[in-house]
Amino acid sequence: MTDDDLSFLAGSLPAPLRQDRIVSIVEGAPGMVRTAALAASLGTSEVTVRQDLAVLDQEARIRRVHGGAVRLGAGSTERPFEETAVEHQVAKAAIGRAAAALVRSGECVVLDVGTTPAAVAEALVARTELSDLTVVTNSLTTALALERAVPRFTVIVTGGTLRPLQHSLVAPFNNTLLPVIAADVVFLGGTGVDVAHGLTNVNLPETEAKRVLAATARRTVVVADGSKFGRAHIGVVRALEDIDVVVTAEAEADAVATIRAAGVEVVVADGEDTPGRNHTP
């Protein structure tokens with residue numbers, strides 16, 4: 001029987017067989033399989049597919065992510081900056097603008113490594129009314145992006161040992177400057193955000209650097225698109241109770257509600273509660 005035959009018959013399959021077919025499709029894919037694509041392949045509705053994905057995720061047969069599913073274990077290893085930079089670009093740009101709207105002239109800002117904090121940097125540069133801003137970062141990519149705003153901005157690089165995968169500076173020698181910095185806000189990225197573990201990351205050297213960065217600031221803002229919600233990885237960066245704000249986009253409403261129910265402010269950058277939508281910071 002061909003794949004076309006299976007696609008034609010899938011709509012009438014009992015749930016267990018339909019879910020087996022979903023697992024087969026997801027495991028055979030190189031990356032995320034979208035809900036719409038699964039529905040088309042199975043000849044059923046997206047609502048039914050979402051219900052199946054919820055069951056399969058609970059049974060640890062696949063991992064459900066925003067917009068679809070990935071095979072179990074996918075995303076558990078670190079990926080290069082250039083690879084993740086092309087994913088969720090619209091969401092990251094929206095998060096960057098919403099996060100940048102929280103910053104005021106004269107403040108000291110700490111920016112983490114990663115593609116979403118890099119989007120915050122781009123949005124800060126675009127805010128031409130900002131002045132006398134000090135930005136501390138351990139990301140060479142972010143430092144170069146901020147260079148366009150000098151002398152409006154003072155850009156400070158932490159120093160440390162270079163990690164080429166993220167163009168980041170980590171231990172040893174990255175903790176000489178940071179203990180003498182008293183920042184207003186730190187923007188942290190990561191690879192997972194959930195209620196039980198807070199902000200997590202797949203790489204332990206990066207995790208330790210993020211923890212040191214967070215200790216410098218009076219306020220912690222996590223910037224993460226919806227695909228990071230409900231995920232936890234090996235390195236715990238910041239417990240949920242130590243996070244002041246999460247700025248996100250392309251996030252499921254129930255995932256946002258779960259974080260809010262835990263007492264953390266969540267700004268949905270592509271929603272009605274986006275900073276700057278109704279006021280100017």
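Quantities reported herein were computed from a predicted structural model and do not represent experimental measurements.
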- [ ] Using the side chain to side chain contact (heavy atoms under 4.5 Å, CB included) rule, take Val109 and Thr134 through it: C-alpha gap first, then chi angles, then the decisive distance, then the call.
- [x] CA-CA 6 Å; Val109 175; Thr134 300; over 6 Å; no
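- Follow the hydrophobic side-chain contacts under 4.5 Å out from Val49 and you reach Leu56 in the same cluster.
- Panel note: side chain Thr161, backbone Pro172; a donor-acceptor pair is recorded below 3.5 Å.
- Of all the heavy atoms in Thr142 and Ala121, the pair that sits closest is CG2-CB, 3.7 Å.
- For Arg152, the CZ atom is densely surrounded, since the number of other residues' heavy atoms within 6.0 Å is greater than 12.
- To the nearest 0.5 Å, atoms CG (Leu146) and CZ (Phe153) are separated by 7.0 Å.
- Judged by distance alone, with hydrogens and angles left aside, the side-chain atoms of Asp57 form a donor-acceptor pair with the main-chain N or O of Arg64 at under 3.5 Å.
- Under a hydrophobic clustering in which Ile, Leu, Val, Met, Phe, Trp and Tyr are joined whenever their side-chain heavy atoms come within less than 4.5 Å, directly or via other members, Val150 and Leu124 fall into the same cluster.
- A continuous path of hydrophobic side-chain contacts links Val195 to Ile243 [ILVMFWY only; heavy atoms under 4.5 Å].
- Residues Thr220 and Asp242 are not in side-chain contact: their nearest non-hydrogen atoms beyond the backbone lie 4.5 Å or more apart.
- Atom OG1 of residue Thr158 and atom CG of residue Asn138 lie 4.5 Å apart, to the nearest 0.5 angstrom.
- Under the side-chain hydrogen bond (donor to acceptor under 3.5 Å, both in side chains) test applied with His233, the options Thr191, Asn201, Asp194 reduce to a single match, Thr191.
- For Glu241, the CD atom counts as densely surrounded, since its 6.0 Å shell holds more than 12 non-hydrogen atoms of other residues, nucleotides or ligands.
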Task: Evaluation steps, side chain to side chain contact (heavy atoms under 4.5 Å, CB included), between Glu147 and Val155 - done: CA-CA 7 Å; Glu147 187 178 17; Val155 180; over 6 Å; no
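- Using a 4.0 Å cut-off between charged nitrogen and carboxylate oxygen, Asp244 and Arg219 do not count as a salt-bridge pair.
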TODO: Please test Val110 against Asp112 for side chain to side chain contact (heavy atoms under 4.5 Å, CB included), starting from the C-alpha separation and ending with a verdict.
DONE: CA-CA 7 Å; Val110 176; Asp112 186 17; over 6 Å; no
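- Side-chain atoms of Thr248 come within 3.5 Å of backbone N or O of Ala224 as a donor-acceptor pair.
- The minimum heavy-atom distance linking Pro205 with Val170 is given by the pair O-CG1, 4.0 Å.
- Heavy-atom minimum distance, Val193 versus Leu199: CG2-CD1, 3.9 Å.
- Criterion: ILVMFWY side-chain heavy atoms under 4.5 Å apart, direct or through other members. Under it, Val237 and Val113 are not part of a common hydrophobic cluster.
- Lys210 and Glu206 are not joined by a salt bridge, as no carboxylate oxygen comes within less than 4.0 angstrom of a charged side-chain nitrogen.
- In this model, no donor atom of one side chain and acceptor atom of the other lie less than 3.5 Å apart for Ser139 and Gln166.
- When only modelled atom types and interatomic distance are considered, Asp52 and Gln19 share a side-chain donor-acceptor pair under 3.5 Å.
- Proximity of a side-chain donor or acceptor of Arg104 to a complementary backbone N or O of Leu133 within less than 3.5 Å is not detected.
- Thr258 contributes a side-chain N or O that, together with a main-chain N or O of Asp254, makes up a donor-acceptor pair within less than 3.5 Å.
- Between the OG1 atom in Thr200 and the CG atom in Asn203 there is a gap of 12.0 Å [rounded to 0.5 Å].
- Across all their heavy atoms, Ala123 and Gly96 have their closest contact at CB-O, 3.3 Å.
- Judged by distance alone, the side chain of Thr48 and the main-chain N or O of Thr44 form no donor-acceptor pair under 3.5 Å.
- In this structure, the side chain of Arg231 engages the main chain of Ser227 through a donor-acceptor pair within 3.5 Å.
- Side chain of Arg127 to backbone of Ala100: a donor-acceptor contact under 3.5 angstrom is found.
- Rounding to the nearest 0.5 Å gives a distance of 7.5 Å between CG of Leu13 and CG of Leu42.
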Open item on the list: Before you tell me yes or no, could you show the steps for Ile25 and Ser41 under side chain to side chain contact (heavy atoms under 4.5 Å, CB included), namely the whole-Å CA-CA distance, both residues' side-chain angles and the distance that decides it to 0.1 Å?
Closed with: CA-CA 9 Å; Ile25 294 170; Ser41 178; 3.5 Å; yes
Using a 3.5 Å cut-off and no angle test, enumerate the donor-acceptor pairs between side-chain atoms of residues 174-190 and protein atoms at least two apart in sequence or in another chain.
residue : atom : partner : partner atom : Å
Asn174  : OD1  : Ala171  : N            : 3.4
Asp184  : OD1  : Arg218  : NH2          : 2.6
Asp184  : OD2  : Cys108  : N            : 2.7

TODO: Given salt bridge (charged side-chain N to carboxylate O under 4.0 Å, His left out), test Glu122 with Arg148 step by step and report yes or no.
DONE: CA-CA 10 Å; Glu122 293 288 350; Arg148 306 194 308 274; 2.9 Å; yes
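- At a threshold of 4.0 Å, the pair Arg34-Glu46 does not count as salt-bridged, since none of the basic side-chain nitrogens sits closer than that to a carboxylate oxygen.
- Contact detail for Ala99 and Val223: the closest heavy-atom pair is CB-CG1, 3.9 Å.
- Distance check, rounded to the nearest 0.5 Å: CG of Leu53 to CD1 of Ile62 gives 5.0 Å.
- Checked against salt bridge (charged side-chain N to carboxylate O under 4.0 Å, His left out), Lys228 has the following partners two or more places apart in sequence or in another chain: Asp225.
- In this structure, OG1 in Thr115 is found 3.0 Å from NZ in Lys92, a value given to the nearest 0.5 Å.
- Counting non-hydrogen atoms of other residues, nucleotides and ligands closer than 6.0 Å to CD1 of Ile234 gives a total of 12 or fewer.
- With a 4.5 Å cut-off on side-chain heavy atoms, Val245 and Val267 count as touching.
- Clustering ILVMFWY residues whenever any of their side-chain heavy atoms sit less than 4.5 angstrom apart, transitively, puts Leu169 in a cluster other than the one holding Leu213.
- Scanning all heavy atoms of the two residues, the minimum distance from Ser131 to Ser105 falls at N-OG, 3.0 Å.
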